[in-house]
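Keep in mind it's a predicted model, so treat the numbers as computed, not measured. Chain A is the first sequence line, chain B the second, and so forth, proteins listed ahead of strands; every chain is numbered from 1.
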Amino acid sequence: MPTGEIEVYANFFEILNTCKPLPFQLDEEEPNESLRLKYRYLDMRRPEIQKIFTERHHAYKVARDYLTSNGFFEFETPFLTKSTPEGARDFIVPSRLNTGMFYALPQSPQLFKQILMIAGFDRYFQIVRCFRDEDLRADRQPEFTQIDIEMSFVDVDDVLTLSEGLIKALYQSLKKEAVWEPIPRMGYDEVIESYGTDKPDLRFELPMTELTDIFKGTEFGVFKKTVEEGGAIKSLVLRGKTLSRKDLDTAVEITKEMGAGGLIWIRKENDELQSPIAKYLKDHEKSLINDKLNLLNGDIVFVMADKRNRVNEIMGKFRLYLGEKYGLIRKDLFKFLWVVDFPLFEYSEEEKRYVARHHPFTSPNGSIKDFKGDYDTIKAKAYDLVLNGVEIGGGSIRIYRMDEQMEMFKLLNIKEEDAIEKFGFLLEALEMGAPPHGGLAFGFDRILMMLMGLDSIRDVIPFPKTQRGTCLMTGAPAKIAQKQLNELKIRVTREQ
RNA sequence: GGGGUCGUAGUUAAGCCUGGUUAUAACGCCGGCCUGUCACGCCGGAGGCCGCGAGUUCAAUUCUCGUCGACCCCGCCA
């Protein structure tokens, strides 16, 4: 007892097991992570870790209760399934009974849940492991858990409303705090133009303001060129902070490291705009900048000019840098945001073609048959839920008609025979009275991590992998016996 | 594939920048003492290929390069 107030008088005792000195002490400072992972069972005895996993347990229950009470049925879908093109790299499992053939572990149960809609179970959910063979990050593991949801006869609004109820229930369970106002929604285009990313951290303001129009007739070479070439000139205004000349130079340097051609700063002091490019700025330009940005003395404006998507991308990163460096981020806040109206397609530099931004079963806004050939502007009925700059969920309304789905494959340059080979079962099912349907999936581990205020997804996973995808406790992955390889008719041609 | 941080007793750290005595501390471990413990106390002790391998140097824990491992980031993650 921590209080030391209770004493036990024993009449008899028996030692059930003994304990060697532990490789690290549980009540002292945390040992380094590799030791914690090697002896995960000892690490997990610590009260902080016990708390994490009891909370995780409660969160499963909250999700199951919420979805069950909303008429959802829980299913299990196969882990040994078929590799699908597009998307993340699959984990592969060789088949012994079918030599030379391979299963793939699912990146998500996407097609199965659509099939379940066609099977007449109008509301499906599953708390399911997903597998993606990509490089790891602080918030990414090769196997992770999703709360996967699919509903029939719904549109975007229905899915968002239902999902919002779930996230609020989880929030309440984890934060022990009553729930807040509706989660705001923003269109993808607006989010990108304001924050330069599709997952903005709204714990601080600092949106970008576009100044391109102001510089229509500028004499400053870089800006002039940008305007002529159809680029964008955008600004961030840092208020109430004092920056030295060195701070400003550092800021310029940072953006260059991020890939910017350059960054201009303008400072308002004594009602004057100071800047390295002040001499190129005409009076009316200065006053337009001043008015548009409502500048006060002491404000610092950072201006970048480049191709539009480049400015957005780099200023988005720079915004985060400023937020972090100048303490603008309110760490105590939880700022949710629905990002809606994603583009249907995006151009893949690697493949030199347009690919589905979400996945190839995502419904466009309207009929695909109205597509006029402009891959860049067509929107999808796809949405993401963002929390403090991290994507914690996403989904879409699906295509539910065979002809539309085939058209989609055509636009993605996927040959008909390939489509049939890969997804024939889905296409066939779509022809047998498939209802309109859609859904989403939450990243369960990420939600737990965020709401518990932890920095790593590994902290909320009982037996996580290291950044190189190994398990320090079991030693996986490992070589297998020659006999096993023989049974599978697999030969290893090159070892590490 | 690329960039970065870290690696010193069982554990957590200091020392390294600026190379040179016996590599320091706390906790843990071992032994002794203590008849009311409960973060016990007191006394004593053991414990180190300073991740590994090269190089520079009269001399490397310290400087350089490589390598292995953990972590962070870029690419990648529909």
If I take atom [atom1] in residue [X] and atom [atom2] in nucleotide [N], what distance separates them, rounded to the nearest angstrom?
| X | N | atom1 | atom2 | answer |
| --- | --- | --- | --- | --- |
| A:Lys317 | B:C72 | NZ | C1' | 15 Å |
| A:Leu26 | B:U12 | CG | P | 13 Å |
| A:Glu33 | B:G7 | CD | P | 16 Å |
| A:Lys20 | B:U11 | NZ | P | 14 Å |
| A:Asp133 | B:G1 | CG | P | 13 Å |
| A:Glu134 | B:G75 | CD | P | 12 Å |
| A:Arg468 | B:G1 | CZ | P | 10 Å |
| A:Lys38 | B:A70 | NZ | P | 12 Å |

A:Phe112 ring center within less than 6.0 Å of A:Tyr124 ring center: no
Whichever of A:Phe24 and A:Glu313 has the more 5' nearest nucleotide on RNA chain B, that residue is A:Phe24
For A:Phe361 and for A:Leu472, find the nucleotide of RNA chain B with the closest heavy atom, then tell me which residue's nucleotide is more 5'. A:Leu472
With both distances under 3.5 angstrom, what nucleotide forms a Watson-Crick or G-U wobble pair with [N]?
| N | value |
| --- | --- |
| B:G28 | none |
| B:A39 | none |
| B:C71 | B:G4 |
| B:A9 | none |
| B:G55 | B:C63 |
| B:G19 | none |
| B:C34 | none |

When the [atom1] atoms of [M] and [N] are compared, how many Å lie between them, rounded to an integer?
| N | M | atom1 | result |
| --- | --- | --- | --- |
| B:U61 | B:C42 | P | 36 Å |
| B:A26 | B:C72 | C1' | 29 Å |
| B:U35 | B:C52 | P | 47 Å |
| B:C17 | B:C65 | P | 15 Å |
| B:C74 | B:G55 | P | 38 Å |
| B:A54 | B:U12 | C1' | 31 Å |
| B:G51 | B:C68 | C1' | 8 Å |
| B:G2 | B:A9 | C1' | 37 Å |

Using a strict 4.0 Å threshold on nitrogen-to-oxygen distance, state whether [X] and [Y] make a salt bridge.
| X | Y | value |
| --- | --- | --- |
| A:Glu351 | A:Arg353 | yes |
| A:Lys199 | A:Glu391 | no |
| A:Asp445 | A:Arg56 | yes |

Just to be sure I understand the rule, does [X] reach a base, reach only the sugar-phosphate, or reach nothing, if contact means heavy atoms closer than 4.0 Å?
| X | answer |
| --- | --- |
| A:Thr470 | sugar-phosphate |
| A:Glu30 | sugar-phosphate |
| A:Leu136 | nothing |
| A:Asn32 | sugar-phosphate |
| A:Ser108 | base |
| A:Gln25 | base |
| A:Gln467 | base |

Got a second to check how far A:His437's NE2 is from A:Asp122's CG, nearest 0.5 Å? 11.5 Å
Phosphate OP1/OP2 of B:C77 contacted by A:Arg137 side-chain N/O (<4.0 Å): no
Check whether any side-chain nitrogen or oxygen of A:Arg458 sits under 4.0 Å from OP1 or OP2 of B:C72, and answer yes or no. yes
Does atom CZ of A:Phe53 have more than 12 heavy-atom neighbours, drawn from other residues, nucleotides or ligands, at distances under 6.0 Å? yes
Determine the interplanar angle of the A:Phe409 and A:Phe423 rings, folded into 0 to 90°, and report it as parallel if under 30°, tilted if 30 to 60°, perpendicular if over 60°. parallel
Can you classify the ring geometry of A:Phe342 versus A:Tyr188 as parallel (below 30°), tilted (30 to 60°) or perpendicular (above 60°)? tilted
Proximity to the side chain of A:Arg140 - top-ranked nucleotide from B:C29, B:U12, B:G75: B:G75
Can you figure out which of B:C76, B:U12, B:C71 approaches the side chain of A:Thr466 most closely? B:C71
Between the base of B:C77 and the side chain of A:Arg132, is there a donor-acceptor distance below 3.5 Å? no
